[in-house]
Number of protein chains: 2
Amino acid sequence: MTHSATSPCFPVTVETAIFTLFQRDLKVCLFPCNQPPFEGSWMLPSVMPAETESLDDAAQRCIFSIIGAGSDSESDPFFQQLYSFGAPDRDPRGRTISIAYFALVAKDRLPEHILDGTNAPLAWHSAYRPPPLAFDHSEILSYALTRLRYKIEYSAVAFQLMPEEFTLRELQDAYMIILNDQKLDKANFRKKIREANIVEPSNRFRETGGRPASLFRFRKDAKLEIKTRRFFP
Amino acid sequence: MTHSATSPCFPVTVETAIFTLFQRDLKVCLFPCNQPPFEGSWMLPSVMPAETESLDDAAQRCIFSIIGAGSDSESDPFFQQLYSFGAPDRDPRGRTISIAYFALVAKDRLPEHILDGTNAPLAWHSAYRPPPLAFDHSEILSYALTRLRYKIEYSAVAFQLMPEEFTLRELQDAYMIILNDQKLDKANFRKKIREANIVEPSNRFRETGGRPASLFRFRKDAKLEIKTRRFFP
DNA sequence: TCAAAAGTGTTCAGCTTACACCCATGA
DNA sequence: TCATGGGTGTAAGCTGAACACTTTTGA
């Protein structure tokens with residue numbers, strides 16, 4: 001009921017599903033796993049919290065160790081705790097408890113050599129059709145995808161995956177890729193974005209195949225999360 | 001990046017916010033805390049996971065240790081993992097990592113001596129106006145309340161707080177208490193419930209001050225979670 | 001016959017959806 | 001002048017909020 005006198009201890013890890021968007025696909029950052037029996041599988045990046053480090057700090061260290069600390073905290077990636085996984089047999093080497101996070105990084109925030117995998121074991125794989133994953137990491141990944149999809153529908157986190165400036169078509173593409181829904185109506189999508197008041201034009205344009213597209217950026221003061229009554233039906 | 005060779009260990013606890021509904025109020029189960037410097041404060045019930053026990057099993061054990069194991073698993077309370085708390089200073093006695101759960105129990109599932117607190121340190125307090133709580137438990141409680149409110153809006157978990165049979169008025173009261181909103185329109189609420197197709201009449205009635213009210217029960221095959229496109233605005 | 005509470009139908013505003021249309025550019 | 005993609009207006013249909021109404025019981 002209350003804390004017992006003896007304190008069994010558990011190794012604790014923080015695993016992070018880091019997402020980014022390129023090649024018209026949602027990508028997740030993976031490392032090759034060498035541990036038997038998972039040779040040839042891939043795994044999510046992970047760290048162990050230091051003695052005096054909070055879970056969030058550990059997750060942030062995990063992310064920065066991959067993408068590098070930014071020059072300004074403005075462009076720091078969004079991250080959020082997901083769920084904790086503690087099945088006794090999740091790691092055959094011994095029991096560990098894993099606190100899972102997910103993170104969103106804009107492609108232009110990633111150094112070139114991290115994006116293309118030059119000179120690093122890390123690789124970006126399709127989040128929807130990932131290679132075989134070690135431990136329970138495919139469970140973690142699919143949970144992260146579900147949460148990302150939920151979150152993108154009631155908040156504006158999508159902008160965390162966009163570059164500094166973007167066209168509305170590019171934003172719509174991001175939504176369609178993440179929601180796996182090609183049926184979003186262009187006019188209605190634009191109206192929603194306009195009325196939500198979360199972007200402003202930069203008065204610059206991007207060359208496309210046809211009429212040039214206005215570039216937008218997210219407003220610093222935008223309301224990012226809105227809750228409305230829904231009930232179940 | 002990957003698992004390091006040395007494995008720092010952390011004491012891990014599972015804390016559970018157990019909610020029930022009576023006296024027209026949402027109640028949470030608390031225990032007195034004797035640990036300095038929190039004498040006089042209250043705390044959420046907690047257990048430490050055993051060596052080979054999953055986190056969910058530990059949470060279930062925590063719940064059953066209070067309300068007793070049910071005769072049939074049908075009436076087992078609903079519970080769900082919430083969030084993990086790991087601030088280095090959350091417990092002044094030493095660092096622990098806490099996996100928080102919340103649970104919903106129907107009042108008629110609680111034995112009489114648990115409800116009225118006879119001969120037990122446990123007590124039920126208003127979840128909205130709780131007494132002083134030890135550690136970071138007020139943070140855990142307010143997080144649990146937020147999640148409960150979200151969840152009740154897009155799913156039918158409310159029925160976990162209802163007795164076997166109930167009137168629609170009683171169900172509406174449950175919603176109004178949890179959402180802290182007295183303005184729910186009776187006609188519209190009933191229409192929603194009817195169209196959601198989640199209850200069926202038991203063909204019995206409850207005596208009230210006026211016209212007797214039909215009793216309903218939840219349908220076993222009801223769809224409990226429905227997701228609709230929402231976006232942010 | 002009146003008070004109290006159950007239970008229902010109808011209207012109106014606002015939002016979502018679908019779709020048609022115009023605009024600006026390069027070839 | 002045509003193809004391509006950007007950008008907008010509007011009508012139909014659905015949903016939710018508000019509210020007035022009827023029904024059934026006990027006193």
>> I want to confirm an ordering. Mapping E207(A) and F216(B) to their closest nucleotides on DNA chain C, which one lands closer to the 5' end?
In response: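 Taking each residue's closest nucleotide, the earlier one in sequence belongs to F216(B).
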> Under the 6.0 Å and 45° cation-pi test, does K27(B) pair with F22(B)?
Replying inline: yes
>> I need the minimum non-hydrogen distance between V157(B) and I152(B), along with the two atoms involved.
In response: CG2-CA, 4.0 Å
How many Å lie between [atom1] on [X] and [atom2] on [N], as a whole number?
{"X": "K192(B)", "N": "dT15(D)", "atom1": "NZ", "atom2": "P", "result": "12 Å"}
{"X": "I193(A)", "N": "dG6(D)", "atom1": "CD1", "atom2": "P", "result": "15 Å"}
{"X": "L168(A)", "N": "dT8(D)", "atom1": "CG", "atom2": "P", "result": "9 Å"}
{"X": "L171(A)", "N": "dG5(D)", "atom1": "CG", "atom2": "C1'", "result": "17 Å"}
{"X": "R204(B)", "N": "dT25(D)", "atom1": "CZ", "atom2": "C1'", "result": "18 Å"}
{"X": "Q172(B)", "N": "dA17(D)", "atom1": "CD", "atom2": "C1'", "result": "14 Å"}
{"X": "F189(A)", "N": "dA18(C)", "atom1": "CZ", "atom2": "C1'", "result": "17 Å"}
{"X": "K183(A)", "N": "dA18(C)", "atom1": "NZ", "atom2": "C1'", "result": "13 Å"}

Give [X] one of three labels, base, sugar-phosphate or nothing, depending on what nucleic acid heavy atoms sit under 4.0 Å from its own.
{"X": "R169(B)", "answer": "sugar-phosphate"}
{"X": "R194(B)", "answer": "sugar-phosphate"}
{"X": "S214(A)", "answer": "sugar-phosphate"}

> How does protein contact run along nucleotides 19-24 of chain D, one letter per nucleotide 5' to 3', with B for base contact, S for sugar-phosphate only, - for none, heavy atoms under 4.0 Å?
Replying inline: B---BB
>> If only side-chain N and O atoms count, and only distance matters, is there a donor-acceptor pair under 3.5 Å linking T13(B) with S46(B)?
In response: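 Their side chains do not contain a donor-acceptor pair, so the 3.5 Å distance test is not met.
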> Quick one: do the D56(B) and S54(B) side chains pair a donor with an acceptor below 3.5 Å?
Replying inline: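 S54(B) and D56(B) do not have a side-chain donor-acceptor pair below 3.5 Å.
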>> So, using ring-ring contact (aromatic ring centres under 6.0 Å, His included) as the criterion, who are the partners of F159(B) when residues are at least two apart?
In response: F218(B)
>> From C-beta outward on K191(B), which listed nucleotide comes closest to its side chain: dT16(C), dA18(D), dG6(D)?
In response: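 Nucleotide nearest to K191(B)'s side chain: dA18(D).
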> Among dG26(D), dG7(C), dT8(D), which is the nearest nucleotide to the side chain of R190(B)?
Replying inline: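 Side chain of R190(B) sits closest to dG7(C).
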> Quick one: do K107(B) and E112(B) make a salt bridge, cutoff under 4.0 Å?
Replying inline: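 No, this pair does not count.
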Under 3.5 Å donor-acceptor pairs involving side-chain atoms of residues 188-195 of chain B, not counting sequence neighbours:
residue, atom, partner, partner atom, Å
N188(B), ND2, D185(B), OD1, 3.4

